[in-house]
Amino acid sequence: MNQTEFTYNRFVMHLRYYIKRMKKHEQISENDNSKLFNTMRHDEPEIYLVAKRIADCVDSQLDTNSNDDELFYLMIYVKRIVNKINTQA
């Protein structure tokens, strides 16, 4: 994927803010996305695993524990990257 593309830059921007939130021990939690999270986790297991690996990496570096809302938003951005790559193939 070209690093100048909008989808890539949105993903990187999300990661920056995600890491900033985690460093401050603040997490997205204003919404109850548990049904959406569980549906996406079930329907897109590979997307979930990629998002989980990203979260695990951040958590291990910052000694934090990402919640399901953070994972859900990571999954959305990972899915956008995958969709973009698939449309270019």
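Looking at E5 and Q88, their side chains come closer than 4.5 Å, going by heavy atoms from C-beta outward. Contact of the E26 side chain with the K20 side chain is not registered, since no non-hydrogen atoms from C-beta on lie closer than 4.5 Å. Within the 4.5 Å cutoff, no side-chain heavy atoms of I85 are placed close to those of T7. Side-chain contact between N2 and Y8: absent, with no pair of heavy atoms (C-beta onward) separated by less than 4.5 Å. Considering only heavy atoms from C-beta on, M75 comes within 4.5 Å of F37 through its side chain.
Classified by interplanar angle (parallel below 30°, tilted 30° to 60°, perpendicular above 60°), the ring pair H14/Y73 is tilted.
Annotation for N67 and D69: closest pair OD1-N, 3.1 Å, computed over non-hydrogen atoms.
Hydrophobic clustering places Y77 together with L15 (ILVMFWY residues linked when any side-chain heavy atoms are closer than 4.5 Å, directly or through intermediates). Hydrophobic clustering keeps V78 apart from Y17 (ILVMFWY residues linked when any side-chain heavy atoms are closer than 4.5 Å, directly or through intermediates). With hydrophobic clusters built from ILVMFWY side chains whose heavy atoms lie under 4.5 angstrom apart, M13 does not share a cluster with L74.
Salt-bridge formation is detected for the pair R21/E70: a Lys NZ or Arg NE/NH1/NH2 atom is positioned less than 4.0 Å from an Asp or Glu carboxylate oxygen.
For CD of E46, the number of neighbouring non-hydrogen atoms (other residues, nucleotides, ligands) closer than 6.0 Å is 12 at most.
In this structure, the separation between CD on E44 and NE2 on H42 is 11.5 Å, given to the nearest 0.5 Å. Rounding to the nearest 0.5 Å places CG of N38 at 10.5 Å from CG of D43. A distance of 9.5 Å separates CD1 in I19 from CD in Q61, rounded to the nearest 0.5 Å.
Partners of D63 under the side chain to side chain contact (heavy atoms under 4.5 Å, CB included) rule, at least two apart in sequence or in another chain, do not exist in this structure.
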Listing, residues 48-59 side-chain donor-acceptor contacts under 3.5 Å, not counting sequence neighbours, or none:
unit_1, atom_1, unit_2, atom_2, d
K52, NZ, D56, OD1, 2.9
D59, OD1, T64, OG1, 2.7
D59, OD1, S66, N, 3.2
D59, OD1, S66, OG, 2.9
D59, OD2, S66, N, 2.9
D59, OD2, S66, OG, 3.3

